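Down below is the structure, laid out as structure tokens.
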Amino acid sequence: MTKNRLVVPEARKALEQYKTELAKEFGVNDPKSLASSHTGYIVRDLVKMGEKQLLDKYNNN
């Protein structure tokens, strides 16, 4: 059994696009290198995005 199985398989394309956009933002040519050198930035950005989505959802209700 693989550990890297996505709960929502359709999310893979969005995740790859996100990594590519972040790589461009950080001036990195290979998105795979983001995992080692920019992990903290990626996690912070993901948390910010999640918080914004929750706030938007809460404020719209």
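Here the structure is a predicted model, which means the values were calculated and not measured.
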Q) Residues two or more places apart in sequence or in another chain: which of them pass side chain to side chain contact (heavy atoms under 4.5 Å, CB included) with Glu16? A) Arg12, Lys19
(Q) Please enumerate all residues that pass salt bridge (Lys or Arg N to Asp or Glu O under 4.0 Å) together with Lys52, with sequence neighbours excluded. (A) Asp56
Q: Test side chain to side chain contact (heavy atoms under 4.5 Å, CB included) on Tyr18 and Lys13 and set out the steps.
A: CA-CA 9 Å; Tyr18 172 74; Lys13 184 177 178 181; over 6 Å; no
Q | Pairwise distance CD(Glu21) to CD(Gln17) - rounded to 0.5 angstrom | A | 5.0 Å
